[in-house]
Amino acid sequence: MTDLKILKERESQVHRNDLKAFHMGCDTKSAAGSVSQRACVFCGSRVVLYPVADALHLVHGPIGCAAYTWDIRGALSSGPQLHRLSFSTDLREEQVVFGGEKKLHQCLTDLIDRHAPSAAFVYATCIVGIIGDDVDAVCRTVTREKGIPVIPVHSEGFKGTKKDGYAAACKALFQLVGTGETKDISPVSINILGEFNIGGEAWMIEEYYQKMGVEVVSVLTGDSRVEKIKRSHGAALNVVQCSGAMLQLAEMMEEAYGIPYIRVSYFGLEDTAQALYDVAAHFSDHPEVTEATRALVKAEIGAVHPDLQAFKKVLKGKKAAIYVGGAFKAFSLIKALRYLGMTTVLVGSQTGNSQDYDLLKKMCDKDTIIVDDSNPLELSTYIMEKEADLFIGGVKERPIAFKMGIGFCDHNHERKTPLAGFKGMHNFATEVYTTVRSPVWQFAPRFGGH
Amino acid sequence: MTDLKILKERESQVHRNDLKAFHMGCDTKSAAGSVSQRACVFCGSRVVLYPVADALHLVHGPIGCAAYTWDIRGALSSGPQLHRLSFSTDLREEQVVFGGEKKLHQCLTDLIDRHAPSAAFVYATCIVGIIGDDVDAVCRTVTREKGIPVIPVHSEGFKGTKKDGYAAACKALFQLVGTGETKDISPVSINILGEFNIGGEAWMIEEYYQKMGVEVVSVLTGDSRVEKIKRSHGAALNVVQCSGAMLQLAEMMEEAYGIPYIRVSYFGLEDTAQALYDVAAHFSDHPEVTEATRALVKAEIGAVHPDLQAFKKVLKGKKAAIYVGGAFKAFSLIKALRYLGMTTVLVGSQTGNSQDYDLLKKMCDKDTIIVDDSNPLELSTYIMEKEADLFIGGVKERPIAFKMGIGFCDHNHERKTPLAGFKGMHNFATEVYTTVRSPVWQFAPRFGGH
Amino acid sequence: MDVTYNDSATTNACKLCTPLGASLVFKGVRGSVPLMHGSQGCATYIRRYLISHFREPVDIASSNFSEDTAIFGGGDNLKQAITNVTRQYKPELVGISTTCLSETIGDDVGLILKEFKAEQSGGCLPEIVHVSTPSYRGTHMDGFHDAVAALLHALASSRGGNNGCINILPGMVSPADMRHIREIVEDFDTGCLMLPDYSETLDGMLWATYQKIPDGGIGIDEIREMGGARATIDMSRVCSEKRSGAQVLKARCNIPAHRTGLPLGVKACDRFFSTLSALTRRDVPKKYTRQRGRLLDAFVDGHKYISGKRAVVYAEEDLVVGLAAFLCEIGIIPVVCASGGTSGHLREVLEQTLPGNLKEEIRIIEEADFQDIEEAAMEASPDLFIGNSKGYSITRKLGIPLIRVGFPIHDRFGGQRSLHVGYRGTQQLFDNIVNAVLEARQTTSDVGYSYM
Amino acid sequence: MDVTYNDSATTNACKLCTPLGASLVFKGVRGSVPLMHGSQGCATYIRRYLISHFREPVDIASSNFSEDTAIFGGGDNLKQAITNVTRQYKPELVGISTTCLSETIGDDVGLILKEFKAEQSGGCLPEIVHVSTPSYRGTHMDGFHDAVAALLHALASSRGGNNGCINILPGMVSPADMRHIREIVEDFDTGCLMLPDYSETLDGMLWATYQKIPDGGIGIDEIREMGGARATIDMSRVCSEKRSGAQVLKARCNIPAHRTGLPLGVKACDRFFSTLSALTRRDVPKKYTRQRGRLLDAFVDGHKYISGKRAVVYAEEDLVVGLAAFLCEIGIIPVVCASGGTSGHLREVLEQTLPGNLKEEIRIIEEADFQDIEEAAMEASPDLFIGNSKGYSITRKLGIPLIRVGFPIHDRFGGQRSLHVGYRGTQQLFDNIVNAVLEARQTTSDVGYSYM
């Protein structure tokens with residue numbers, strides 16, 4: 001093996017796939033001093049709630065958290081663009097000493113007056129808990145004063161992992177759910193959960209469901225509006241997209257409103273088709289839905305298949321490394337790459353759980369490296385050892401791939417290209433093809449460039 | 001005086017204004033080896049005919065003449081843009097040896113088929129005369145074959161000066177004049193001659209005449225169309241703008257059609273007002289014209305006067321050097337600069353005649369340098385000696401001014417800003433103000449920058 | 001209700017948080033790994049932000065606070081973090097910055113480090129330097145300057161005897177700027193000790209094997225040597241003198257300090273070059289007099305395209321000062337000069353620098369956010385913006401060009417290579433400005449001249 | 001009727017006339033004044049064209065033919081012209097180029113000069129070099145190369161003994177390119193004799209007193225020295241070998257010739273640097289390996305923005321070759337490669353240079369005009385144009401960006417300072433291309449991301 005010194009604390013989080021069973025040490029906090037690729041609780045909440053386009057998103061804390069999350073995501077809105085602004089209470093020493101409630105109240109009041117949002121989310125960041133601000137109380141007051149829902153999001157960075165941030169966001173959303181009007185909703189209706197409309201993906205998927213004859217009550221939270229979220233409990237089914245981000249909301253809605261849910265992925269032809277068929281199956285008492293689904297899948301796959309076959313010819317045998325936020329996304333990526341003739345030589349996630357890793361182990365070839373909460377040193381070591389041709393990850397992984405002369409595909413929230421659905425698979429394949437086939441690699445040291 | 005060695009051949013063309021009479025040695029060809037700022041016969045023809053926007057302009061000769069005159073002038077068209085393309089027979093050695101008529105015929109045929117112009121001008125360049133092509137014959141043939149006027153322009157570069165080029169252009173235009181329909185033309189009507197619609201100047205001037213109740217039959221040649229030129233003999237008066245460029249056409253039209261002409265200038269408030277009043281005076285049997293003119297002049301001057309006074313405060317006492325193509329333009333410039341409180345310390349032209357220089361002498365202060373057909377060495381010497389703050393000229397003069405750290409104003413055909421009329425004076429003053437007041441001169445060596 | 005400025009929300013901040021600046025400084029020391037003492041997210045967000053600008057790996061470790069840490073104190077986490085960083089990266093220096101969290105719970109980092117060193121007395125430890133950077137106090141520029149001062153405080157020593165070098169405190173300039181500044185100083189045949197120097201670490205080459213810590217940066221020994229230099233040139237004019245690294249060197253090692261400002265624009269460059277000339281007793285090399293000459297020639301050639309144009313300028317305060325002074329040299333009025341910076345000296349320095357006759361036309365906004373800038377711009381009818389990528393949405397609304405300078409450049413390529421300083425940097429900026437004006441004119445014209 | 005190519009009209013020429021190229025070469029010799037033997041207009045038009053690009057005074061004298069001259073021959077005019085130029089400018093060299101007119105009437109310039117020298121045998125004459133440049137034969141590039149050859153023919157002498165210098169025939173590159181090439185050669189500790197060298201004469205400083213002939217250029221003595229150099233590097237690959245200056249030096253003075261092509265793109269730069277390395281027996285200086293390293297790093301960082309994009313390239317033939325090869329390195333397909341040049345070698349050199357697998361996708365147009373280019377572009381659905389200002393109207397129609405390189409740049413500022421060669425020039429070009437693509441994407445997007 002390589003000369004990489006895995007930190008002792010991390011030994012249980014790095015594995016080579018083989019016949020032996022292994023237990024991934026996941027769901028733990030990151031080792032102190034590790035350059036984790038993970039973010040924090042706040043990040044998890046922000047990712048989930050960000051696309052709600054007619055809400056005010058006020059970050060309560062010093063400036064950093066708001067500054068670093070200003071307009072960096074490709075989550076599109078067809079109407080209001082309020083989510084793309086960055087609001088912060090911008091706490092100063094004075095408030096840290098004497099408390100920030102007064103400033104929070106003032107900021108909320110000013111911003112609601114100025115922007116007239118349909119709701120406001122107030123993100124509590126690290127020091128808010130420490131200085132003891134009663135954010136809930138301020139939110140209640142402003143809710144009363146301004147007549148819109150003002151919802152606290154308890155996302156203090158240190159209080160857990162990104163997953164806890166997802167949970168906090170789901171709780172916040174759940175405060176809206178059930179407060180709207182549900183009459184006129186078709187019995188053949190769904191909510192789409194965990195789809196954030198990156199590059200317009202939600203629009204593509206909604207169109208599929210429309211063609212199938214299924215009403216989409218609400219997308220959570222891609223191109224979302226507060227009014228739609230409020231009536232989302234009127235849907236017959238919750239369809240939860242891969243990542244663990246919004247499963248909790250589906251569970252809460254099942255418990256409170258008896259809405260069943262299914263888990264799907266819209267990534268790759270196979271998974272997308274499966275997702276649509278699964279939804280159709282749920283409405284099996286409406287056979288026309290299944291029929292429409294069949295026609296849709298056939299047409300859509302027919303449209304992209306020839307190009308994909310052409311890409312496959314070139315990509316066959318190329319090796320990919322995957323390091324993404326949620327493990328569920330990794331499953332789909334492995335399948336999609338396999339469809340393109342590529343093998344996965346490394347796979348890992350920031351936030352996978354034991355079941356996720358067990359499944360990964362089953363999906364992967366022997367000797368594939370499987371990692372949890374990895375860091376640049378580990379990732380760079382393994383992509384070189386495995387001679388990867390492609391790295392799939394986020395912005396923080398990009399320079400690792402590039403420095404080593406390896407192609408890269410962004411599969412995170414900052415990308416601007418829709419990768420979901422059938423067309424998304426075509427985009428993905430094009431992107432993979434484009435980067436893997438670029439002539440620039442001839443100059444990379446690993447190919448003898450100097 | 002300075003240590004400049006004036007070429008012996010040029011001694012009669014450089015004068016200091018004083019009480020003694022002097023005779024300017026003008027209207028001569030440039031001394032061999034002088035870096036004259038003059039162009040050639042072809043240039044003169046091209047300048048006059050260029051703005052005819054629906055004509056094909058085919059330059060018959062090797063590539064240079066066409067290449068250097070491609071889309072370099074600010075003469076605007078409200079419709080067709082054919083004049084902005086550059087067409088050349090691009091003669092090669094083969095044609096120089098065996099004659100270019102066949103190629104000319106072919107090119108004309110192809111281009112007329114492709115662009116469907118209303119007429120074609122064929123510019124004969126230097127070597128066309130030498131190799132003996134019968135351009136007139138080819139033009140006659142194509143006229144017959146294609147049914148549009150195909151007009152030779154005898155503009156061999158060496159056969160005289162730019163003025164001879166103007167004459168050739170006037171002759172070419174005169175072939176069109178008189179071939180169109182003149183009914184429906186008002187008795188209160190004019191042609192505007194010598195106005196090329198640089199930056200839309202002709203449009204501004206036409207608007208003045210419209211407001212005065214005077215019909216403009218044809219502008220020669222700003223934003224011109226062949227059809228309009230054909231009927232220009234229906235106008236009651238030819239109004240010839242300053243430069244000598246089109247006086248000859250006015251004379252030919254007077255002789256052939258009995259149309260009187262007057263000479264005017266649209267540069268500066270004073271001259272513009274005078275021009276409009278002169279036209280009104282011509283139609284003194286229509287007193288409403290004079291009345292409308294008075295109202296117009298009052299309103300227009302009122303609109304620009306306050307700004308001009310503000311500029312004047314800053315510009316008062318600044319010194320200008322003028323070197324332009326035609327002397328008539330210099331007259332107006334001197335007056336306009338005087339209006340802005342500035343004095344003219346050097347003035348000259350490429351193509352002035354004796355009367356022009358006599359008038360310049362009268363207009364100028366003592367010690368003003370007056371030059372004909374000057375060159376960079378003379379110009380640079382005198383602008384430094386006279387400590388000019390501003391140089392007014394064309395692109396070839398620009399770097400002389402700039403190298404010496406002197407402001408510059410382009411008053412040639414390449415500019416894009418309209419400088420004619422009342423608004424044009426405002427533009428001119430703004431431009432003068434802008435360049436004279438720029439802080440960059442603080443760095444010029446002549447102001448102690450190093 | 002009476003709302004004071006500081007009571008209102010910040011909309012689209014024109015500043016970043018203090019630890020970002022400190023981390024950037026630590027990235028400019030050879031063999032150094034920055035370590036943030038606080039939550040994981042801080043390091044991750046800052047890494048992401050820096051990576052998107054520099055397009056280089058930016059490893060910043062974190063002590064990864066958990067809920068327990070916040071309650072019981074971060075000492076153990078910090079010690080563990082240093083140990084782990086040391087084991088994995090084998091750094092020569094660990095540069096610790098605090099976050100608002102560790103500051104608020106009251107961790108005494110100095111004490112923790114003292115304990116740690118005592119505990120580890122047997123082993124071979126890297127240098128450990130720490131700077132206090134609570135993000136509720138100041139901006140990334142304060143973190144930057146404080147980290148420079150902290151490094152000098154910890155390392156610079158008076159070594160009796162002039163090593164002949166010149167210390168440069170460049171402030172937060174680009175890697176290309178740093179390379180150019182070094183080239184200039186060395187062309188005066190003088191050693192250049194530049195702190196920080198991330199010219200290679202954040203603008204490097206492809207790698208054959210993964211570099212845990214990229215090559216480059218000022219060495220620890222070189223920082224020590226700064227205590228024996230001929231003089232310090234501090235390119236910040238807004239930084240509080242008492243907080244500055246130059247002051248540390250002066251107070252401790254008696255090194256004379258010169259505050260030149262950023263060498264941007266002819267006059268500021270002249271000031272810098274003549275300072276170097278005086279310090280080294282050498283003439284300005286011909287290469288630079290020629291660059292200057294060509295620059296002035298370009299000023300004249302281009303002045304008519306831009307004279308009287310109105311610009312909105314926003315950036316870090318020192319960059320705003322440099323840009324605004326430069327714009328006044330070329331006849332563009334910097335109608336809005338804004339910075340999110342909180343030094344408190346922006347107005348004063350600008351008023352010293354800019355021509356008095358423009359005073360009434362120029363609006364200076366300290367502690368600005370982009371909402372302030374947008375409102376001021378709407379009133380000022382500007383022709384162009386000069387600043388980082390973050391002003392794009394405003395220029396898009398206004399339909400005017402944005403000339404991208406400074407940090408971050410997130411919507412264009414090559415921000416790390418963009419040169420701002422020296423006659424050459426000024427030349428590039430000047431050409432960019434003129435061309436932006438020409439392009440706007442050409443594109444919006446009905447005629448579309450190919451000749452301007 | 002059967003129309004052969006050469007029978008049709010040229011619409012919007014993508015070439016200029018031969019004397020322009022020759023005059024440019026003469027502008028690159030110290031103390032030289034170009035003199036055109038022909039009508040006044042030729043010199044004036046060419047001056048105007050050059051001034052608009054270089055924004056510098058360009059004095060070109062003319063023998064100012066009149067009608068009589070055309071009938072009776074230009075001998076007297078030419079002699080008078082040389083006398084007048086000499087009196088006014090006191091040149092070290094008068095560089096005479098003919099025009100189509102003087103060529104067509106059959107002036108024997110050689111004979112006229114011989115007579116002139118005999119007549120003036122008492123006085124102190126400048127060097128007089130003449131080159132035949134009838135504009136009906138070839139383009140400005142032929143005039144350029146022929147003038148170089150004529151100068152070498154007239155002046156270079158074998159002086160027995162290697163002076164250790166390297167001759168550079170850069171072709172028609174920018175002043176900035178010339179400065180950079182000289183910097184590179186000199187960084188190999190080797191003298192650089194570059195012909196022509198208009199790096200200062202056409203990109204100079206402001207003047208305190210008017211300079212009849214601007215400072216700079218290769219001296220006549222230096223041109224003589226070229227006959228004693230170590231080797232000649234000829235950056236043209238399309239120029240007919242037998243016409244080239246390198247051939248003159250080889251045939252006459254036995255100087256080995258190396259045809260590197262323009263050092264544009266990594267491979268071409270590598271070729272140039274390794275030629276220098278081999279000739280001087282020195283390693284490539286670290287400065288350049290770092291520039292190369294950063295360039296490759298940028299290639300990787302930027303590749304996804306541009307991979308698979310389609311470009312139309314038009315310029316002088318050698319520049320087209322350099323650009324097309326560079327584009328293929330970075331994954332852009334040069335779908336149209338066009339030049340007005342008439343060397344007859346463009347296709348052949350491109351086919352040697354470009355990857356074989358792209359052959360079918362690339363359309364090569366020799367002797368192109370802009371009508372040909374427009375028609376080819378309409379079919380090729382390009383994403384961008386790379387070439388001089390003259391393609392602007394086409395890109396405006398297509399709504400795609402034009403990256404301006406080469407000559408002339410008439411609608412932007414600083415064309416004389418734009419760098420094309422070396423790793424640094426390639427870097428600038430690469431950044432410009434990526435940024436043009438990003439800008440187009442940002443501007444045309446409904447969303448207007450400030451983060452790309």
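Letters go in sequence order (proteins before strands), and every chain restarts at 1.
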Just verifying a value: how many Å separate [X] [atom1] and [Y] [atom2], rounded to the nearest 0.5 Å?
X       : Y       : atom1 : atom2 : value
L206(C) : R446(A) : CG    : CZ    : 11.0 Å
S62(C)  : R38(A)  : OG    : CZ    : 12.0 Å
Y45(C)  : C65(A)  : OH    : SG    : 7.5 Å
S8(C)   : L111(A) : OG    : CG    : 8.5 Å
H115(A) : T11(C)  : NE2   : OG1   : 5.0 Å
N375(A) : Q88(C)  : CG    : CD    : 5.0 Å

With a 4.5 Å cut-off on heavy-atom pairs, point out which of [options] contacts chain C the most.
options                          : result
I131(A), V97(A), L104(A), I72(A) : I72(A)
G157(A), A67(A), C43(A)          : C43(A)
C40(A), P62(A), S86(A), C107(A)  : S86(A)
T69(A), I63(A), V395(A), V59(A)  : I63(A)
A66(A), G61(A), S380(A), G64(A)  : S380(A)
W70(A), F42(A), F87(A)           : W70(A)

Heavy-atom pairs under 4.5 Å with chain A are the metric here; pick the option from [options] that has the most.
options                         : result
V94(C), L50(C), I46(C)          : I46(C)
P57(C), G340(C), G204(C)        : P57(C)
V85(C), N77(C), I51(C)          : I51(C)
E103(C), Q40(C), M205(C)        : Q40(C)
Y89(C), Y49(C), Y136(C), F54(C) : Y136(C)

Between [Y] and [X], is there a side-chain heavy-atom distance shorter than 4.5 Å?
X       : Y       : result
K212(C) : L377(A) : yes
V35(A)  : R47(C)  : yes
S135(C) : R92(A)  : no
L101(C) : F158(A) : yes

Heavy-atom distance under 4.5 Å to chain A: side chain of [X], backbone, both or neither?
X       : answer
K390(C) : both
T209(C) : backbone
A43(C)  : neither

Of R55(C), E56(C), Q211(C), which is the lone residue that meets side chain to side chain contact (heavy atoms under 4.5 Å, CB included) with K403(A)?
E56(C)
Short question: side chain of N84(C), backbone of A32(A) - any donor-acceptor pair under 3.5 Å?
yes
Whether Y68(A) side chain and C17(C) backbone form a donor-acceptor pair below 3.5 Å
yes
Over all heavy atoms of both residues, which pair between I130(A) and A70(C) is shortest? Give the atoms and the distance, please.
CD1-CB, 4.2 Å
Using non-hydrogen atoms and a 4.5 Å limit, figure out which bit of M404(A) sits close to chain C: side chain, backbone, both or neither.
both
Using a strict 4.0 Å threshold on nitrogen-to-oxygen distance, state whether [X] and [Y] make a salt bridge.
X       : Y       : answer
E375(C) : R114(A) : yes
E94(A)  : R137(C) : no
K15(C)  : D90(A)  : yes

Take atom CD of E11(A) as the centre, draw a 6.0 Å sphere, and report whether it contains more than 12 heavy atoms from other residues, nucleotides or ligands.
yes
